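Here is the structure we will look at.
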Amino acid sequence: STFHAGGKVAIVQSEKFQLAGNYLNLFDVSSTLTDTSRSARNPVTSFELNANLANNSSVSLDLTGESGFSQLNFKNDTLSPAETKGAFMDGQLMAHLKNIRLKLSAGYSYVHPYFFSSAAQTKRIHYENTPALFPVYGNDVTNLNLRFVTLFDLVRDFSIYNAGITYRLMAYNPIYGNTLAYGRATPNRQGINAGLTYADSTGLIKANLKTYLMNEVVPEGTVDSKRKFSFNTITIDFYLNKLIGFKKNILISGGISLENTKRNGDTSDAIQLKSNMIDAGLEIEALKKFDILIGVKILSSRGNEFLAVRNIYNRIVSFQPLQNINLQQNMLGYGVRYRFSKATYLSLNYHTFAFTDKSNNNKTYNMNQWYILFNLSL
């Protein structure tokens, strides 16, 4: 059996200054394992700082940070590498300009290539799985195409979701996020980030902007140059009903994300991958607790990249090249929803989905689906 346990100790000097220490460990109980020669341990220790540097009627200035280290070892396994250690640090300076309702942030982060935290890095999606619904497509029964996880599957296929934790870095698909493939704890990354949040006093508009400029700590797949990453995203919520004086909600939401991965080098080493996502939605409260929903997502990806292949000890053993990426995914959804409460609802939805592989027309397909969803949260 595998257990996840830990604790936190906090020192609160005042509302202006707090320190905390965290300890978390993923560990196997050897006596419960079929193979007692491989018992994993993943202790992670970190320290947090929260400090309010200034606070008055017009501005608030806060400094937050966390730094720590991890270990990963396989007890009694003579084939495993020596204990793997890694460190991380993350700091943010945040300013709240109260008079204009604007929040600004700037930060720096560093994650060692061997840093591993099962709690922070375990992914929610099994990107290596084939979707359960319509896993193959094509008219040639001798040469059927296997589908990989698409936008269509992310919103409706529960078989691809991960409910557990693991001591290995799970596979991912770079077209859905390469800069922070495992979130802010993505190993072998360092760089700066900045953010902006605005909400007007009437609640008419809410906007968020975030940007990351990162690069590898050490090169992967070559010794010559490091990959550089940029990720920019903006989201806006616009409550039209507040503008026209309508009592029920009319929410228009939209967002765009632009991501770029680049590595200079000769033909064999050069990398250039661009992924752009456009997201828009309309939510109309037609009757009390009854909503009309319309949404669209468009993802386009183009270029080349590679995936690191890891062994059972979480070490990179090879690289899988991804060439001639030239994909577009369009998804349009319509639906109605009845809300029994804030967290419980029943909805009827219809989705149309188009997958286009511009480098291979034989891999282009379309899917349409009606489905009913009942969500119950206690």
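The analysis underlying the following values was restricted to heavy atoms, covering all of them including side chains, and did not include hydrogens, waters or symmetry mates. Computed from a prediction, not measured in an experiment: that's the story for all the values here. The residues of the chain are indexed from 1 along the displayed sequence.
In this structure, a donor-acceptor pair under 3.5 Å is present between the side chains of Ser46 and Asn22. Side-chain contact check for Thr235 and Asp237: no donor-acceptor pair (N or O, by modelled atom type) lies under 3.5 Å. Defined by atom type and a distance below 3.5 Å, a donor-acceptor pair is missing between the side-chain atoms of Thr64 and Asn50. Counted by atom type alone, Arg315 and Thr84 present one or more donor-acceptor pairs between their side chains at under 3.5 Å. Remark: the Asn208 side chain and the Thr197 side chain contain an N/O donor-acceptor pair separated by less than 3.5 Å. In this model, a donor atom of one side chain and an acceptor atom of the other lie less than 3.5 Å apart for Lys98 and Asn55. No side-chain donor-acceptor contact under 3.5 Å links Asn99 and Ser58. Counted by atom type alone, Asn304 and Gln272 present zero donor-acceptor pairs between their side chains at under 3.5 Å. Defined by atom type and a distance below 3.5 Å, a donor-acceptor pair is missing between the side-chain atoms of Asn249 and Glu283.
Arg339 has a carboxylate O that lies under 4.0 Å from a charged side-chain N of Asp291, or vice versa, which qualifies the two as a salt bridge. By the 4.0 Å N-to-carboxylate-O rule, Lys274 lies too far from Glu259 to be salt-bridged with it. A salt bridge is defined here as a Lys NZ or Arg NE, NH1 or NH2 lying under 4.0 Å from an Asp or Glu carboxylate O, and Lys8 with Glu48 meets this definition. A salt bridge is absent between Arg263 and Glu216; no separation between the charged side-chain nitrogens and carboxylate oxygens falls under 4.0 Å.
Between the CG atom of Leu307 and the CD atom of Glu128 there is a distance of 11.0 Å, given to the nearest 0.5 Å. With rounding to the nearest 0.5 Å, the separation of CZ in Arg156 from CG in Asn349 is 12.0 Å. Rounding to the nearest 0.5 angstrom, the gap separating the OH atom in Tyr108 from the CG atom in Leu213 is 13.0 Å. Taken from CD in Glu305 to CG in Leu273, the straight-line distance is 6.0 Å, to the nearest 0.5 Å.
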Evaluate Leu243 against Phe238 for side chain to side chain contact (heavy atoms under 4.5 Å, CB included), listing each step before the verdict. CA-CA 9 Å; Leu243 180 65; Phe238 178 68; 3.8 Å; yes
Go through Gln71 and Asn73 one step at a time and tell me if the side chain to side chain donor-acceptor pair (under 3.5 Å) criterion holds. CA-CA 7 Å; Gln71 299 169 280; Asn73 62 74; over 6 Å; no
Intermediate values then yes/no, ring pair (Phe, Tyr, Trp, His ring centres under 6.0 Å), Tyr338 and Phe290: CA-CA 5 Å; Tyr338 182 78; Phe290 183 82; 7.2 Å; no
Assess whether side chain to side chain contact (heavy atoms under 4.5 Å, CB included) is satisfied between Ile298 and Met277, documenting all intermediate values. CA-CA 6 Å; Ile298 301 173; Met277 169 82 84; over 6 Å; no
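In plain terms, the two heavy atoms of Leu327 and Phe355 that are nearest each other are CD2-CZ, 3.9 Å. Shortest non-hydrogen contact noted between Asp90 and Arg184 is OD2-NH2, 2.8 Å. The two residues Asn52 and Leu61 make their nearest non-hydrogen contact at ND2-O, 3.4 Å.
In this structure, Arg41 contributes its side chain and Leu72 its backbone to no donor-acceptor pair below 3.5 Å. Judged by distance alone, with hydrogens and angles left aside, the side-chain atoms of Thr344 form no donor-acceptor pair with the main-chain N or O of Phe340 at under 3.5 Å.
Arg189 forms a cation-pi arrangement with Phe229, by the criterion of a distance under 6.0 Å to the ring centre and an angle within 45° of the ring axis.
With hydrophobic clusters built from ILVMFWY side chains whose heavy atoms lie under 4.5 angstrom apart, Tyr212 does not share a cluster with Ile256. In this structure, Phe374 is a member of the same hydrophobic cluster as Ile372, with clusters built from ILVMFWY side-chain heavy atoms closer than 4.5 Å.
Under a cut-off of 6.0 angstrom, the local environment of NZ in Lys206 is sparse, with at most 12 non-hydrogen atoms contributed by other residues, nucleotides or ligands. More than 12 non-hydrogen atoms from other residues, nucleotides or ligands lie less than 6.0 angstrom from NZ of Lys226. Atom CZ of Phe231 has more than 12 neighbouring heavy atoms from other residues, nucleotides or ligands inside a 6.0 Å radius.
In this pair, Phe152 and His351 present their aromatic rings perpendicular. The plane angle is above 60°, beyond the 30 to 60° band.
Ring centroids of Tyr167 and Phe74 are separated by less than 6.0 Å, placing the two rings close together. Checked against the 6.0 Å centroid threshold, Tyr127 and Tyr172 do not count as a close aromatic pair. For Phe115 and Phe88, the ring centers are positioned less than 6.0 Å apart.
Between Asn241 and Lys248, the closest side-chain pair of non-hydrogen atoms is not below 4.5 Å. Inter-residue side-chain proximity for Thr122 and Asn162 is flagged as met; some heavy-atom pair is nearer than 4.5 Å.
With Met331 as the partner, the side-chain contact (heavy atoms from CB on, under 4.5 Å) test is satisfied by one option alone out of Thr150, Val155, Leu154: Val155.
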